[in-house]
Trainee: 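Sharing a structure with you now.
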Number of protein chains: 2
Amino acid sequence: MKGAGGNADRVWQLLVKVYFAQRGQLPAEAGDLSPVQCHVLHLIEPGRPMAMSRLAEALACDASNVTGLIDRLESRGLVQRRQSPDDRRVKILDLTPAGSRVRARLMRYVREEPLPLSRLSAREGRILLKILERLVGD
Amino acid sequence: MKGAGGNADRVWQLLVKVYFAQRGQLPAEAGDLSPVQCHVLHLIEPGRPMAMSRLAEALACDASNVTGLIDRLESRGLVQRRQSPDDRRVKILDLTPAGSRVRARLMRYVREEPLPLSRLSAREGRILLKILERLVGD
DNA sequence: TATTGTTATACTCTATAACTATA
DNA sequence: TATAGTTATAGAGTATAACAATA
């Protein structure tokens, strides 16, 4: 048994549980967006536009999936596509003002009230963050 | 700012990232099951049969969803439904021998090789586990 | 009356394969 | 040739509403 091997099953089970528990509550905060749409909004940080291919990478999904995902968010007026000036194949994603507002609401929700994350002390929060960063190699 | 409030956005972003990163790799280990089907297999522990309603709870999804989920796993011979002796409305889920084998393979995968969890030291694993347990209230 | 599970329905999510435009 | 994104397609996940059986 090396590293976290002994606890890995349990850790993974809890990570999934945390993810599912939160996921179901996001749409109510975001006016009927799906959980994945909420994640996309969270991943696109305002002022930090991102290529569609990078979003596919962040979601660990096929690029073809991102097309429909962004179609739906764009039709709601929350996200915009623009051409990249550097490479005319690339499309850059950015939040609209409306998208930024929904994102802010989501983040306030994650930060505050019903979220289990508020159960953690500041110290635990810092430690968890550090561990997750190592986990993600980020 | 109280508790982990200051880091909550980032923590949540990383939790989602970890979840998505792993999710995509599960099906290859489990012979073409979907990620959610893998989670279901992980949630039903051998020798610990569970009511369908409890599974819906664990997945934080509607009960109607579980019907189809279990239909698909049952048609692959991985899970079984039985009547509860106590309450004839309730159906109890249990793994078949084949289901237990797939589950064991999944758990070995999570415990070992390509999983980021192996990057953590034993100490970090213990700390992460403790924090997640508090997060989930488990 | 309330609860467990199912069915029908309508979306969304997702991967695969084939395509276009650009590099 | 290789890459970014799209389209078409098929299947899985998901919630809502209406229902049957049981409590």
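Residue numbers start from 1 in every chain, and the chains themselves are labelled A, B, ... in the order their sequence lines are given, proteins ahead of strands.
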Trainee: To the nearest Å, how far apart are L69(A) CG and dT14(D) P?
Mentor: 15 Å

Trainee: To the nearest Å, how far apart are D71(A) CG and dC11(C) P?
Mentor: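 Those two atoms, CG and P, are 16 Å apart.
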
Trainee: From C-beta outward on M52(B), which listed nucleotide comes closest to its side chain: dT14(C), dG5(C), dA4(D)?
Mentor: dG5(C)

Trainee: At their closest point, which heavy atom of I44(A) faces which heavy atom of L95(A), and how far apart are they?
Mentor: O-CD1, 3.3 Å

Trainee: Can you check the L33(B) CG to dA15(C) P distance for me, whole Å?
Mentor: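 Checked: the CG to P distance equals 15 Å.
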
Trainee: Mind checking whether Y19(A) and H39(B) have ring centres under 6.0 Å apart?
Mentor: no

Trainee: Give the nucleotide from the list dA23(D), dT6(D), dT14(C) with an atom nearest to the side chain of R89(B).
Mentor: dA23(D)

Trainee: Does L78(A) belong to the same Ile/Leu/Val/Met/Phe/Trp/Tyr cluster as M50(A), with side-chain heavy atoms less than 4.5 Å apart forming each link?
Mentor: yes

Trainee: Looking only at side-chain atoms of K91(B), point me to the closest of dT6(C), dT12(C), dA4(D).
Mentor: dT6(C)

Trainee: Checking side-chain contact (heavy atoms from CB on, under 4.5 Å) between I127(B) and each of R123(B), K130(B), E124(B), which is the one that passes?
Mentor: R123(B)

Trainee: Report the distance from atom CG of L55(A) to atom C1' of dT3(D), rounded to the nearest whole Å.
Mentor: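 Those two atoms, CG and C1', are 17 Å apart.
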
Trainee: Between S84(B) (side chain only) and I92(B) (backbone N and O only), is there a donor and an acceptor less than 3.5 Å apart?
Mentor: no

Trainee: So which nucleotide from dA23(C), dT6(C), dT14(D) ends up closest to the side chain of R72(B)?
Mentor: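 Looking only at heavy atoms from C-beta outward on R72(B), the closest nucleotide is dT14(D).
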
Trainee: So what does S53(A) hit on the nucleic acid, given a heavy-atom distance under 4.0 Å: a base, only sugar-phosphate, or nothing?
Mentor: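 If one applies the 4.0 Å heavy-atom cut-off, S53(A) turns out to touch the sugar-phosphate alone, with no base involved.
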
Trainee: Between the protein and nucleotides 15-19 of chain D, list every N/O to N/O distance that falls short of 3.5 Å.
Mentor:
unit_1, atom_1, unit_2, atom_2, d
dA15(D), OP2, D62(B), N, 2.7
dT16(D), O4, S64(B), OG, 2.8

Trainee: Pick the nucleotide of DNA chain C nearest each of R76(A) and D87(A); which residue has the one closer to the 5' end?
Mentor: R76(A)

Trainee: Check if the side chain of R88(B) and the base of dT22(D) share a donor-acceptor pair of N or O atoms closer than 3.5 Å.
Mentor: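 Per atom types, no contact qualifies.
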
Trainee: Measure the distance from CG on D86(A) to C1' on dT3(D) and round it to the nearest whole Å.
Mentor: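 Atom CG in D86(A) sits about 15 Å away from atom C1' in dT3(D).
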
Trainee: How close or far is atom P of dA15(C) from atom CG of L26(B), stated in whole angstroms?
Mentor: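 To the nearest whole Å, that distance equals 13 Å.
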
Trainee: Can you tell me if R103(A) uses its side chain to pair, donor with acceptor, with the backbone of L41(A) under 3.5 Å?
Mentor: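 Such a contact is found between R103(A) side chain and L41(A) backbone.
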
Trainee: If the cut-off is 4.0 Å, is S34(B) near the phosphate of dG11(D), judged by side-chain N/O to OP1 or OP2?
Mentor: no

Trainee: With a sphere of 6.0 Å drawn around CZ of R76(B), does it hold more than 12 non-hydrogen atoms of other residues, nucleotides or ligands?
Mentor: yes

Trainee: Which whole-number value in Å describes the distance from L93(A) CG to dA4(D) C1'?
Mentor: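 Roughly 12 Å, once rounded to whole Å.
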
Trainee: Which whole-number value in Å describes the distance from I70(B) CD1 to dG13(D) C1'?
Mentor: 13 Å

Trainee: Have a look at R81(B) and say if it touches a base, only the backbone sugar-phosphate, or nothing, with a 4.0 Å heavy-atom cut-off.
Mentor: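 Sugar-phosphate: the residue R81(B), judged by heavy atoms under 4.0 Å, touches backbone atoms but no base.
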
